[in-house]
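Report on the following structure.
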There are 2 protein chains.
Amino acid sequence: MQLTRSVKHDPKQRLDEIIVKLRELNFRITPQRVAILRIFLNSQDHPSVEQVYAQVKADFPSTSLATVYKTVNLLKEVGEILEISFAGGGNRYDGIKPYPHPHLICTTCNKIMDSEIGLVDQIANELEQTSGYRIVSHQIEFFGTCPACQKK
Amino acid sequence: MQLTRSVKHDPKQRLDEIIVKLRELNFRITPQRVAILRIFLNSQDHPSVEQVYAQVKADFPSTSLATVYKTVNLLKEVGEILEISFAGGGNRYDGIKPYPHPHLICTTCNKIMDSEIGLVDQIANELEQTSGYRIVSHQIEFFGTCPACQKK
DNA sequence: TCTTTATAGATAATAATTGTCAACAATCGA
DNA sequence: TCGATTGTTGACAATTATTATCTATAAAGA
């Protein structure tokens, strides 16, 4: 099992690639979709649907929240954004590394930080052997306090 | 950081211990709370609030869903049940091993299986060093298909 | 340009959970 | 054991996050 994959992050190139992909899958390229996609490709901070909504509305005031949700689901389904879900509030999304990877989540300010752990694939393989499950994905979140919040 | 702790599982003894603990914390011991606690201490299968509700109602038909939610929150706060939350449906709970530990979740039948990974504490320690976060908890879930569902 | 049909936007509906509050009952002290 | 105190229950309203519905619109291909 190989869960992770490498995606070089060049927002402009990825935007073009994703547009081609969506077109191939017979989805239409609307200005709203492009705007939302751009936001994801340029956000380092794992935005929520509500945050994306606020940003799209800045340039595109008529956009509906429902459209953001639909686009988020679409991008999730084609594998171009990753959903991060945990108790307490809405889901968060990662459009830069859209494959499962561990996160460090600050329970004070809600900041989410990426972290790569090389061992994940090995652990998943071991678990497959011992449990008989066929593992296809994972969700690994560590909760605590970020350096900035520790100082307060 | 030591996230895991060992809790021997003797439902009767734990019931008594938790009751003493709740009393010490000035919470009242009501029949509803005892009934719900018993259910958690005897469920191997990570029940949802709705499932617990159905079970309590069997012996105690007047119980309200709100009471189940309130009791779940209480038990969560005093650290005697673990909340397992992931996208798609309601939270699930573990009253047998109420400390963070990895799970294998079948995306077909929703069965949740426990799994111990010795490496978790080491990984958390490493992440603390490299990130500066102070880690206090984690949530590690692997998703896939359980052996039974693979056969279908 | 015209036609087809997926999509956007508005809003209703749903699901899970939390808040409110009066009646009740667990606990403690006399 | 009884009575007073106050935390808890149960019923239900409210909230939050998300999805479904439906009509007008606009993207894409002929």
Side-chain angles (χ1 to χ4, degrees), chain A residues 18-39 46-78 81-93 110, chain B residues 15-16 18-39 46-78 81-93 110:
Chain A
I18 295 171
I19 287 174
V20 169
K21 180 176 180 176
L22 288 175
R23 227 188 278 275
E24 279 169 359
L25 293 168
N26 287 314
F27 292 109
R28 290 185 183 172
I29 308 307
T30 65
Q32 293 90 336
R33 284 183 175 167
V34 175
I36 293 167
L37 197 37
R38 265 187 221 284
I39 291 167
H46 308 83
S48 66
V49 168
E50 213 58 55
Q51 288 171 319
V52 173
Y53 178 52
Q55 280 193 63
V56 205
K57 283 195 95 172
D59 319 309
F60 217 116
S62 72
T63 309
S64 156
L65 182 56
T67 299
V68 180
Y69 271 105
K70 285 174 209 159
T71 304
V72 162
N73 280 327
L74 172 63
L75 295 176
K76 207 170 62 178
E77 262 152 45
V78 299
I81 62 175
L82 176 77
E83 187 173 71
I84 305 167
S85 70
F86 51 94
N91 292 336
R92 305 275 292 269
Y93 297 87
N110 287 312
Chain B
L15 180 65
D16 292 341
I18 295 170
I19 287 175
V20 169
K21 179 175 181 178
L22 289 175
R23 228 188 277 275
E24 278 169 358
L25 292 167
N26 286 316
F27 292 109
R28 293 187 182 170
I29 308 307
T30 66
Q32 293 89 336
R33 283 182 176 166
V34 175
I36 292 166
L37 197 37
R38 266 187 221 283
I39 291 166
H46 308 84
S48 66
V49 168
E50 213 57 55
Q51 287 171 319
V52 173
Y53 178 53
Q55 279 193 63
V56 206
K57 284 195 94 172
D59 318 309
F60 217 116
S62 72
T63 309
S64 155
L65 183 56
T67 299
V68 180
Y69 271 105
K70 285 171 205 160
T71 304
V72 163
N73 281 328
L74 173 63
L75 296 176
K76 206 170 63 178
E77 263 152 46
V78 298
I81 62 175
L82 175 77
E83 186 172 72
I84 306 167
S85 70
F86 50 94
N91 292 336
R92 304 275 291 270
Y93 297 88
N110 288 312

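Just the heavy atoms: all of them, side chains too, but no hydrogens, waters or symmetry mates, feed the values below. Residue numbering restarts at 1 for every chain, and letters A, B, ... go by the order of the sequence lines.
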[X] [atom1] to [N] [atom2], straight-line distance once rounded to whole Å:
X       : N      : atom1 : atom2 : result
A:Leu22 : D:dA27 : CG    : C1'   : 14 Å
A:Arg92 : D:dA17 : CZ    : C1'   : 15 Å
A:Tyr53 : D:dA17 : OH    : P     : 14 Å
A:Glu50 : D:dT16 : CD    : P     : 11 Å
B:Glu77 : C:dT17 : CD    : C1'   : 14 Å
B:Lys57 : D:dT9  : NZ    : C1'   : 14 Å
A:Phe86 : C:dT17 : CZ    : P     : 16 Å
B:Ile29 : D:dG7  : CD1   : C1'   : 12 Å

Toward the 5' end of DNA chain C, by each residue's nearest nucleotide, B:Asn73 or B:Pro31:
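Nearer the 5' end of the strand: B:Asn73.
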Does some side-chain heavy atom of [Y] sit less than 4.5 Å from a side-chain heavy atom of [X]?
X       : Y       : result
A:Leu25 : A:Lys21 : yes
B:Leu65 : B:Glu50 : yes
B:Tyr93 : B:Val49 : yes
B:Phe60 : B:Gln32 : yes

If you compare every side-chain N and O of A:Asn91 against the phosphate oxygens of D:dA17 (OP1, OP2), does one of them come in below 4.0 Å?
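No, A:Asn91 has no side-chain N/O under 4.0 Å of OP1/OP2 on D:dA17.
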Does a side-chain N or O from A:Tyr69 land closer than 4.0 Å to OP1 or OP2 of D:dT18, or not?
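So the side chain of A:Tyr69 is within the cut-off, an N or O lying under 4.0 Å from OP1 or OP2 of D:dT18.
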Between A:Arg92 and A:His46, which heavy-atom pair has the shortest distance, and what is it?
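Looking at all heavy atoms of both residues, the shortest contact is NE-O, 2.6 Å.
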Atom pairs and distances, side-chain donor-acceptor, residues 69-77 of chain A, under 3.5 Å, sequence neighbours left out:
| unit_1 | atom_1 | unit_2 | atom_2 | d |
| --- | --- | --- | --- | --- |
| A:Thr71 | OG1 | A:Thr67 | O | 2.8 |
| A:Asn73 | OD1 | A:Lys76 | NZ | 3.1 |
| A:Asn73 | ND2 | A:Tyr69 | O | 3.4 |
| A:Lys76 | NZ | A:Glu83 | OE2 | 3.0 |

About how many Å separate CG of B:Asn91 and CD1 of B:Ile81, when rounded to the nearest 0.5 Å?
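If we round to the nearest 0.5 Å, B:Ile81:CD1 and B:Asn91:CG are 10.0 Å apart.
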Let me have a per-nucleotide readout for nucleotides 4-11 of chain C, 5' to 3', with B, S or -, counting only protein heavy atoms under 4.0 Å.
-BBSBBBB
